[in-house]
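Just so you know, ligand 1 is whichever comes first in the structure, and atom 1 is the first atom listed for that ligand.
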Amino acid sequence: MNFRQKLIVNGGRKLEGEVRVHGAKNSALPLLSAAVLPHGETVLHNCPALTDVDAACRILTHIGCKCRRDGDTVTVDASNVFGSEIPDNLMRQMRSSIIFLGALLGRMGRCRLSFPGGCELGSRPIDLHISALRQMGAKIDEEHGFLDCTAGKGLHGAKIVLSFPSVGATENILLAACTAKGETEIHNAAREPEIVDLAEYLIKCGAKIRGAGDGVIIIEGVERLSPCEHSVIPDRIEAGTYLCAAMITHGEMILTNCRTEHMNGFLQTMETMGARIYTYGGGKLYITGKKRLTAPPTIRTMPYPGFPTDIQAPFTALCTTAEGTSVFVETIFENRFRHVSELMRLGANIKTEGRVCVVEGVPRLSGAKVCAADLRGGAALVTAALAAEGTSEISGLTYIDRGYESLESTLRSVGADIKRV
Ligand code: UD1
């Protein structure tokens with residue numbers, strides 16, 4: 001296991017070269033849950049090799065699915081789902097395990113699971129998920145840390161108005177509504193590209209869904225879904241992290257297999273900081289950040305299509321050496337600045353106050369021992385270490401491995417001096 005592993009980074013080298021973006025973690029995980037719904041074999045291409053994806057496959061195997069990986073293709077045979085209970089040790093491995101709630105209720109009419117684990121970003125309630133499924137006819141009892149859910153007479157459609165466009169709640173409702181009786185409306189639905197990807201997979205399976213990607217999604221329940229082949233969309237956050245790494249080292253990089261239209265929430269900010277970006281057809285993007293960068297206008301994390309909370313930490317790292325003062329307002333999660341104290345060990349000048357973080361740019365960072373406390377915070381430490389003079393040692397790799405496939409070999413291929421010990 002990677003509990004005792006570390007990344008050793010000798011910083012200060014320009015990154016130059018080409019990086020192929022992997023499939024999106026946040027799409028692959030709900031797609032793997034969705035594979036429970038159709039009776040038969042789902043084939044998912046471009047599925048990233050991540051510890052969170054392995055955790056989803058362990059849950060699928062536990063409930064009776066057969067999962068296998070061949071390169072970047074994962075096959076899930078859900079012909080014979082017999083379990084509807086997910087044990088605590090599997091639930092705790094990641095936050096996304098909660099998405100099995102809607103899928104199992106849809107397929108089995110019942111489900112028992114404990115509260116999910118995942119990165120600690122402050123309290124992460126699931127009240128919106130539970131209230132929506134109750135409106136659709138599920139009976140949900142919470143006892144001793146477990147949720148016992150049944151839909152005795154089956155689920156039915158409902159008009160659900162979310163008080164916040166929660167990604168996970170929108171996914172759970174979508175999954176539960178596909179085979180519910182009648183029509184479900186989701187108002188103030190999340191509009192993330194991962195929602196659209198999930199809906200496209202479900203539509204290929206025979207679901208009747210309109211409006212995914214807009215604020216209102218309408219799902220007309222069907223009797224049964226049939227499996228299909230699907231390719232996971234590219235990971236916009238992984239792509240953004242590599243762009244931050246190219247910019248902070250004043251390098252130049254070509255990304256391939258990306259969807260630049262999913263990245264507008266932060267590409268423009270990169271340009272205001274001084275990066276030059278060219279997008280080409282066919283999922284290709286070129287970036288160069290040769291001069292010293294300047295601080296961007298205030299960054300507020302927002303639901304899609306706004307600035308993604310998941311790229312806030314790598315951007316904070318990027319701003320540590322930008323000229324001027326950068327201000328971040330984290331509106332989505334209450335505790336998402338855990339990377340800040342570690343960035344300060346690398347020489348950054350940052351103050352935080354509640355959900356606001358102020359970064360005063362310094363001319364250079366210097367290598368130090370640091371520890372990741374969550375996935376994207378870990379990516380921020382790697383980003384900063386790539387630019388820091390001297391050697392940095394980064395621990396806490398269990399977090400980083402949840403979301404970045406072959407991080408160090410990818411960075412090495414574009415000139416970084418980084419190894420895992
Ligand atoms: C997903 C992403 C995560 C990303 C986040 C926001 C996956 C696997 N994870 O997480 O990487 O950072 O979207 O873009 O796709 N909330 C409630 N009650 C609920 C549900 C959510 O209060 O029932 C709150 C959360 O505490 C949080 C905010 O809403 O403050 C956003 O959560 P949500 O959009 O649900 O994020 P996740 O689906 O957990």
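For ligand 1, the polar-atom distance check finds an N/O of Leu128 within less than 3.5 Å of one of the ligand's N/O atoms. When only interatomic distances are considered, the shortest N/O to N/O separation between Asn26 and ligand 1 falls below 3.5 Å. Checked against a 3.5 angstrom limit, the closest N/O atoms of Thr309 and ligand 1 fall outside it. Residue-to-ligand polar distances keep Ala169 apart from ligand 1: every N/O pair is separated by 3.5 Å or more. Considering backbone and side-chain atoms together, Asp127 places an N or O closer than 3.5 Å to an N or O of ligand 1. Considering backbone and side-chain N/O of Leu29, none are found under 3.5 Å from N/O of ligand 1.
Only side-chain heavy atoms of Asp310 come within less than 4.0 Å of ligand 1; its backbone N, CA, C and O stay farther off. Contact annotation: for Ile130 versus ligand 1, there are no heavy atoms closer than 4.0 Å. When non-hydrogen atoms are compared, ligand 1 lies under 4.0 Å from neither the backbone nor the side chain of Arg402. Contact annotation: for Glu194 versus ligand 1, there are no heavy atoms closer than 4.0 Å. Residue Phe164 touches ligand 1 through its side chain alone, judged by heavy-atom distances below 4.0 Å.
Residues that satisfy the side-chain hydrogen bond (donor to acceptor under 3.5 Å, both in side chains) test with Tyr278, not counting sequence neighbours, are Arg276.
With respect to Phe328, the side-chain contact (heavy atoms from CB on, under 4.5 Å) criterion is satisfied by exactly one of Thr352, Val358, Ile299: Ile299.
Between the side chains of Thr331 and Arg355, not a single donor N or O lies within less than 3.5 Å of an accepting N or O. Between His22 and Asp235, the side chains place no donor N or O within less than 3.5 Å of an acceptor N or O (distance only, hydrogens not considered). No hydrogens or angles considered: nothing links the side chains of Tyr404 and Glu238 as a donor-acceptor pair under 3.5 Å. Checked by atom type, the side-chain pair Gln312/Thr316 shows a donor-acceptor distance below 3.5 Å. Counting only N and O atoms by type, the side chains of Glu183 and His156 include no donor and acceptor under 3.5 Å apart. Ser79 and Glu41 form no side-chain donor-acceptor contact under 3.5 Å, judged by distance and modelled atom types alone.
Listed by first then second residue, pairs satisfying salt bridge (charged side-chain N to carboxylate O under 4.0 Å, His left out) with a partner in residues 201-222 number zero, not counting sequence neighbours.
The closest heavy-atom contact to atom 38 (O) of ligand 1, among the options Ala132, Gly168, Ala24, Ser166, comes from Gly168. Here the shortest heavy-atom distance to atom 19 (C) of ligand 1, taken over Pro308, Pro30, Pro303, Pro125, belongs to Pro125.
In summary, the atoms of ligand 1 found under 4.0 Å from a heavy atom of Ile126, numbered by their order in the structure, are 19 (C), 23 (O). Residue Arg336 has at least one heavy-atom neighbour below 4.0 Å for each of these atoms of ligand 1: 12 (O). Shown in contact with Ser96 at under 4.0 Å from a heavy atom are these atoms of ligand 1, numbered in order with element: 8 (C). If you number the atoms of ligand 1 from 1 as listed, the ones under 4.0 Å from a heavy atom of Val167 come out as 1 (C), 13 (O), 33 (P), 34 (O), 35 (O), 38 (O).
Taking a cutoff of 4.0 Å between a charged side-chain nitrogen and a carboxylate oxygen, Asp374 and Arg376 do not qualify as a salt bridge. Salt-bridge check for Asp88 with Arg92: passed, with a basic side-chain N closer than 4.0 Å to an acidic carboxylate O.
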